[in-house]
Visitor: 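This structure is in C-alpha cells; I'll ask about it shortly.
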Amino acid sequence: MCGITGWVSFDRDLTTEARALDAMTETMACRGPDDRGTWSEGPAALGHRRLAIIDLPGGRQPMTVRTPDGTVAMVYSGEAYNFTELRRELADRGHQFLTDSDTEVVLRGYLEWGDAVAERLNGMYAFAVWDGRHDQLVMIRDRMGIKPFYMYPTPDGVLFGSEPKAILANPLIRPRVGLDGLRELFTMVKTPGHAVWEGMREVEPGTVVTVDRRGIRTRTYWRLETRPHTDDRDTTVATVRELLDDIVRRQLVADVPRCTLLSGGLDSSAMTALAARQLAAQGEKVRSFAVDFVGQTDNFVADELRGTPDTPFVHDVARLARTDHQDIVLDVNSLADPAVRERVIRARDMPAGFGDMDASLLLLFRAVRDQSTVALSGESADEVFGGYLQFFDEDARKADTFPWLFSMGRHFGDDTEVLRTDLTKSLDLDSYIADGYRSAVTGVQRLDGESDFEFRMRRMSYLHLTRFVRMLLDRKDRMSMAVGLEVRVPFCDHRLVEYVYNAPWALKSFDGREKTLLREATRDVLPQSVYDRVKSPYPSTQDPEYGRALQEQVKDLLARPDHRVFDLVDREKADRAAHRTGLGSQSARRGLERTLDLAQWLDLYAPEIALS
C-alpha cells in the first residue's frame, strides 16, 4: 500500500523537473512512511511513497525493467492477492524475479500481457506504467474503486496521483472548484469520473487509461453485469462461505502485524471470526480493535438507526473468537479538536460532510497503527448483501432517486440548509441529483423474465455498488492512509460481488431479514447475540457536549465576518445553529460540522471558487 504520482509531458524533458516531482511525491508521505523514490526519463516522471507490507527490503519503487526497445517503469499502490499464482505462471513463461514482492509480479505481468494484466488481478490496486517501448503511459484501477486514482489532462500529457493533493502540488495547476465540484460536495452522490477539482478526473474503477501523443483513451475491463443465478438456496449459502474463506485467507497474507476492525455488527464479526479461525490453525491469535466513546454504552439512547450500543456485541465476538481485543475509547475533546478536523480535511482534500464519524475513524486508525500495519474491515458488506434500512423501506424502494438520499434525509436532516440562498439556487441540487440518477440506472441490465420487484431490488443493489460504496471506500482509504495503515476490504472481492449481486433478492433475504446470505454462511462462527442483532450503522457520539463544542467553534468563526466561508454559508443561519439548544442528535449537528469543514478546507487549500 503506497502513494503514487507522476507526470507525462511529451513537449518537455522531465528530468529537469525534479523539484516539481519531489513536491508531488512528498504530498504522499503519510501514505508511504517507509520509503520514497522518483524516476524520470525524457517525457515521463514517476514518484512513489512506500508503506512496506510484502517483501520489506525488495519492493522499492519506482520499479523498472530495461528492454532492448526501451525502459518500462511502474509505480504501484495496493495489493494483488493472487500474486503467488501469477508469479508461478510467469516463471513458467520464462520470467526471472529479483524480489518476492507483488509489485514485481504486476510489472512482469504487464510485460507479458500488456494492459490485459488487469483482468488477471485479484485485489485492490491503482498503478501506472510508463512504457518506453511505445512512449505511452498506462494507468489501471481496481474493479471496485478501493484504491483512489486521479488524473489531470494537460495540453501535452497528463498529471496523476493517488490523491488530488499530489496533482495540486504541481506548479501548472490552479486549485479551482466550480459549481459541479460544489454539487459533488453537497449531494452525497459520487459521480463516476468526477473529482471536485476543476480539470481533474478520477481514473474510473475497472478501467485502463492510456496516454500517448495521440491523446487519452479509456478501456473498461470490468463492469457489474447481470447474469442468471441458477444455484438453489443451500448451494448459494455454501458458495458464499467458500468464497469468504478463500478471500480472508488471501487477505491475511502480509509480512507485518495484522488485525481486524470489529464493530459488533454482522459484517465485521463474521470477517473477524473467519480470520481468527484461520490464524488459530496456524497457532496465531488475531488482534481486533473497536471504537467506542466515553460513557456511550452506559448512557446509550436507542433511536431509529441504532437500537443497541456496539460494545457488548464486540465483546461477545472477541470472547468466542478468542481475539486479542482492544477498545479504542474516544472523548469529546478529541472528536471536536480543530487539529483533528484539519487532519481529516487534509486527508480527504475536501469537506466531505461525515463530521464526527470521520474524526472517530481517523482517531481509531491512528491508535490501531501503533500496533498493526494491516487491518481487515467489514466495509461494503451492506452494499453487497443488502443491509441498509432503505432496502426494506417501501418508499425508498419506489423512489426515483438514489435510495440512500431518501433515507439520509429522513434520519439525518439536510446539512445544506446553512448555505446561502443564492448559492443553493445556483447549485440546483435537485436537478443535479435527478440527472445523476437517470444516468446511473441506465447501466442496470434486466434479466429476461425478471419480475418488477426483483428488478427494482437489483437496481437498488447496482446503485449502492457503483455509487454509494465508492464514497465509503474513498473515506476508508483516506482516513487509514493518513496514518499509514493499510485497510483491506474482503467483501469487495469482485468474485463475491458478482456472485451475490446476481442472486435474486428472494435469496438475499429469504427470511425477511437483512443480509440473510451472509448470516447463514457464517452462523457457525458467530455468537447468537450477533446472529440475532439488527443492522446498526457506524457509531456516532451521543454526547451533547460534542455539539456544544462545535457551537463554540462556529461562534469564533462568526467573529470573523470577512472569512471566505461566508461566501458559501449564510451567516444568519450559522448564527442560529450556534445558539440553538438540543444538540444531542447527529442531525442537529450537521450544519455546524458542514460550516466548520468548509472553513477549514478554504483555509488549507485556498481554492478559487467559481460560482458561474
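This is a predicted model, so every value here is computed, not measured.
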Visitor: State whether the number of non-hydrogen atoms from other residues, nucleotides or ligands found under 6.0 Å of Glu572 atom CD is greater than 12.
Guide: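 Not more than 12 within 6.0 Å, no.
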Visitor: Exactly one of Asp349, Val565, Val177 should register a side-chain contact (heavy atoms from CB on, under 4.5 Å) with Trp601. Which one does?
Guide: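 Testing each of Asp349, Val565, Val177 against Trp601, the sole residue satisfying side-chain contact (heavy atoms from CB on, under 4.5 Å) is Val177.
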Visitor: Mind checking what makes side chain to side chain contact (heavy atoms under 4.5 Å, CB included) contact with Asn333, not counting sequence neighbours?
Guide: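 Counting only residues at least two positions away or on another chain, Asn333 forms a side chain to side chain contact (heavy atoms under 4.5 Å, CB included) with Asp331.
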Visitor: Should Leu261 and Ser377 be marked as a side-chain contact (heavy atoms from CB on, under 4.5 Å) after you check the CA-CA gap, both sets of side-chain angles, and the distance that decides it?
Guide: CA-CA 5 Å; Leu261 305 173; Ser377 165; 4.0 Å; yes
Visitor: Taking the side chain from Arg50 and the backbone from Gly37, do they hold a donor-acceptor pair closer than 3.5 Å?
Guide: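 No, Arg50 side chain to Gly37 backbone: no donor-acceptor pair under 3.5 Å.
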Visitor: May I ask you to say whether Glu593 pairs ionically with Arg590, meaning some side-chain N is under 4.0 Å from a carboxylate O?
Guide: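 Salt bridge flag = no for Arg590 with Glu593.
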Visitor: Only one of Arg346, Arg589, Arg341 forms a salt bridge (Lys or Arg N to Asp or Glu O under 4.0 Å) with Asp597, so which one is it?
Guide: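 Of the listed residues Arg346, Arg589, Arg341, the salt bridge (Lys or Arg N to Asp or Glu O under 4.0 Å) partner of Asp597 is Arg341.
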Visitor: Contact between Arg369 and Pro33 at the side-chain level, heavy atoms closer than 4.5 Å - yes or no?
Guide: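 Sidechains of Pro33 and Arg369: in contact.
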Visitor: Could you tell me whether Arg366 atom CZ has more than 12 heavy atoms of other residues or ligands within 6.0 Å of it?
Guide: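 No, the 6.0 Å shell around CZ holds no more than 12 heavy atoms from other groups.
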Visitor: Report the residue from Val569, Leu598, Leu592 that forms a side-chain contact (heavy atoms from CB on, under 4.5 Å) with Val418.
Guide: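 For Val418, the side-chain contact (heavy atoms from CB on, under 4.5 Å) test succeeds with only one of Val569, Leu598, Leu592, which is Val569.
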Visitor: Take Val286 and Gln278, measure what side-chain contact (heavy atoms from CB on, under 4.5 Å) needs, and give me the verdict at the end.
Guide: CA-CA 9 Å; Val286 70; Gln278 292 191 17; over 6 Å; no
Visitor: Does Arg548 have any side chain to side chain donor-acceptor pair (under 3.5 Å) partners at least two apart in sequence or in another chain, and if so, which?
Guide: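 Side chain to side chain donor-acceptor pair (under 3.5 Å) list for Arg548, sorted by chain: Glu545.
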Visitor: Which atom pair, heavy atoms only, marks the closest approach of Val374 to Ala254?
Guide: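 So the two residues come closest at CG2-CB, 4.3 Å.
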Visitor: Would you say Arg470's side chain and Thr466's backbone share a donor-acceptor pair under 3.5 angstrom?
Guide: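 Checking the backbone N and O of Thr466 against the side chain of Arg470, a donor-acceptor pair under 3.5 Å is found.
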Visitor: Give me the atom names and distance for the closest heavy-atom approach of Arg49 to Thr25.
Guide: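 Result for this residue pair: CG-O, 3.3 Å.
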Visitor: Heavy atoms only: give me the nearest Val530-Gly264 pair and the separation to one decimal.
Guide: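 That would be CG2-O, 3.8 Å.
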Visitor: In this structure, are over 12 heavy atoms from other groups packed under 6.0 Å from Arg322 atom CZ?
Guide: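 It does not: Arg322 CZ has 12 such atoms or fewer within range.
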Visitor: Can you pull the ring pair (Phe, Tyr, Trp, His ring centres under 6.0 Å) pairs that have at least one residue in residues 315-360, sequence neighbours excluded?
Guide: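 Non-adjacent pairs meeting ring pair (Phe, Tyr, Trp, His ring centres under 6.0 Å): His315-His325.
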Visitor: Using 4.0 Å as the upper bound for N to carboxylate O, is an ion pair formed by Asp358 and Arg478?
Guide: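 Salt bridge absent between Arg478 and Asp358.
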Visitor: For the residue pair Ser540 / Asp356, report whether a side-chain donor-acceptor contact shorter than 3.5 Å exists.
Guide: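 Side chains of Asp356 and Ser540: pair found under 3.5 Å.
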Visitor: Do Ser360 side-chain atoms and Met357 backbone N/O form a donor-acceptor pair below 3.5 Å?
Guide: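 The answer is yes, because a donor-acceptor pair under 3.5 Å joins these two groups.
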Visitor: Tell me every residue that passes side chain to side chain donor-acceptor pair (under 3.5 Å) with Ser529, counting only those two or more places apart in sequence or in another chain.
Guide: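 Applying side chain to side chain donor-acceptor pair (under 3.5 Å) to Ser529 gives Asp316.
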Visitor: Side chains of His48 and Asp35: donor-acceptor distance under 3.5 Å anywhere?
Guide: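 No.
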Visitor: For the pair Tyr432 and Asp180, evaluate side-chain contact (heavy atoms from CB on, under 4.5 Å) and give the outcome as yes or no after the intermediate values.
Guide: CA-CA 9 Å; Tyr432 188 73; Asp180 272 354; 3.7 Å; yes
Visitor: Between Arg31 and Glu163, does any NZ, NE, NH1 or NH2 come within less than 4.0 Å of an OD or OE carboxylate oxygen?
Guide: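 Yes, charged N to carboxylate O under 4.0 Å.
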Visitor: Test your reading of the model: is there a side-chain donor-acceptor pair from Thr187 to the backbone of Ile433, 3.5 Å cut-off?
Guide: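 Not a single qualifying donor-acceptor pair exists.
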Visitor: Roughly how far apart are Arg420 CZ and Leu427 CG, rounded to 0.5 Å?
Guide: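 Nearest 0.5 Å value for the CZ-CG distance: 12.0 Å.
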Visitor: For the backbone of His464 and the side chain of Tyr388, can you confirm whether one donor and one acceptor N or O come within less than 3.5 Å of each other?
Guide: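 Not confirmed, Tyr388 side chain does not pair with His464 backbone.
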Visitor: Counting only N and O atoms by type, is there a donor-acceptor contact under 3.5 Å from the side chain of Arg141 to the main-chain atoms of Gly145?
Guide: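 Pair found, side chain donor or acceptor close to backbone of Gly145.
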Visitor: May I ask you to check if Arg475 and Tyr538 form a cation-pi contact, with NZ or CZ under 6.0 angstrom from the six-membered ring centre and within 45° of the axis?
Guide: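 That pair qualifies as a cation-pi contact.
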Visitor: For Ala126 versus Phe149, what's the shortest heavy-atom pair and its separation?
Guide: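 Residues Ala126 and Phe149, closest heavy atoms: CB-CD1, 3.6 Å.
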Visitor: Among Asp477, Asp474, Asp142, which one satisfies salt bridge (Lys or Arg N to Asp or Glu O under 4.0 Å) with Lys147?
Guide: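 Exactly one option meets the salt bridge (Lys or Arg N to Asp or Glu O under 4.0 Å) with Lys147, and it is Asp477.
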Visitor: Which of these passes side chain to side chain donor-acceptor pair (under 3.5 Å) with Thr311: Asp292, Asp298, Asp327?
Guide: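 Of all the options given, the one that passes is Asp292.
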Visitor: With the threshold set at 4.0 Å, does a side-chain nitrogen-carboxylate oxygen contact exist between Arg519 and Glu514?
Guide: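 Salt bridge: yes.
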Visitor: Is there a donor-acceptor pair under 3.5 Å between the side chain of Trp197 and the backbone N or O of Ile167?
Guide: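 Absent.
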Visitor: Show your working on salt bridge (Lys or Arg N to Asp or Glu O under 4.0 Å) between Glu26 and Arg36 and close with a plain yes or no.
Guide: CA-CA 8 Å; Glu26 287 315 297; Arg36 72 176 300 281; 2.6 Å; yes
Visitor: So does Asp382 get a backbone contact from the side chain of Lys515, meaning a donor-acceptor N/O pair under 3.5 Å?
Guide: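 Flag not set: sc Lys515 to bb Asp382 has no pair under 3.5 Å.
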Visitor: Apply side-chain contact (heavy atoms from CB on, under 4.5 Å) to residues Leu376 and Arg258 and explain how you reach the verdict.
Guide: CA-CA 8 Å; Leu376 271 63; Arg258 302 150 298 181; 5.6 Å; no
Visitor: Give the minimum heavy-atom separation between Val489 and Lys476, together with the two atoms involved.
Guide: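 Between these two residues, the closest heavy atoms are CG1-CE, 4.0 Å.
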Visitor: Treating Ser268 as the side-chain partner and Leu262 as the backbone partner, does any N or O pair qualify as donor plus acceptor under 3.5 Å?
Guide: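 It does not hold such a pair.
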Visitor: Name all residues meeting the side chain to side chain contact (heavy atoms under 4.5 Å, CB included) criterion together with Thr27; count only those two or more places apart in sequence or in a different chain, and write none if there are none.
Guide: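 Side chain to side chain contact (heavy atoms under 4.5 Å, CB included) list for Thr27, sorted by chain: Lys165, Ala166, Ala169.
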Visitor: Hey, does Met24 have a side-chain heavy atom less than 4.5 Å from the side chain of Leu159?
Guide: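 Yes, close enough: below the 4.5 Å cut-off.
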Visitor: Going by side chain to side chain contact (heavy atoms under 4.5 Å, CB included), name the residues that satisfy it together with Thr308, two or more places apart in sequence or in a different chain.
Guide: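 Scan of Thr308 (side chain to side chain contact (heavy atoms under 4.5 Å, CB included), adjacent residues dropped) gives Phe313, Arg533.
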Visitor: Between the main-chain N or O of Phe160 and the side-chain N or O of Thr5, is there a donor-acceptor pair closer than 3.5 Å?
Guide: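 At least one qualifying donor-acceptor pair exists.
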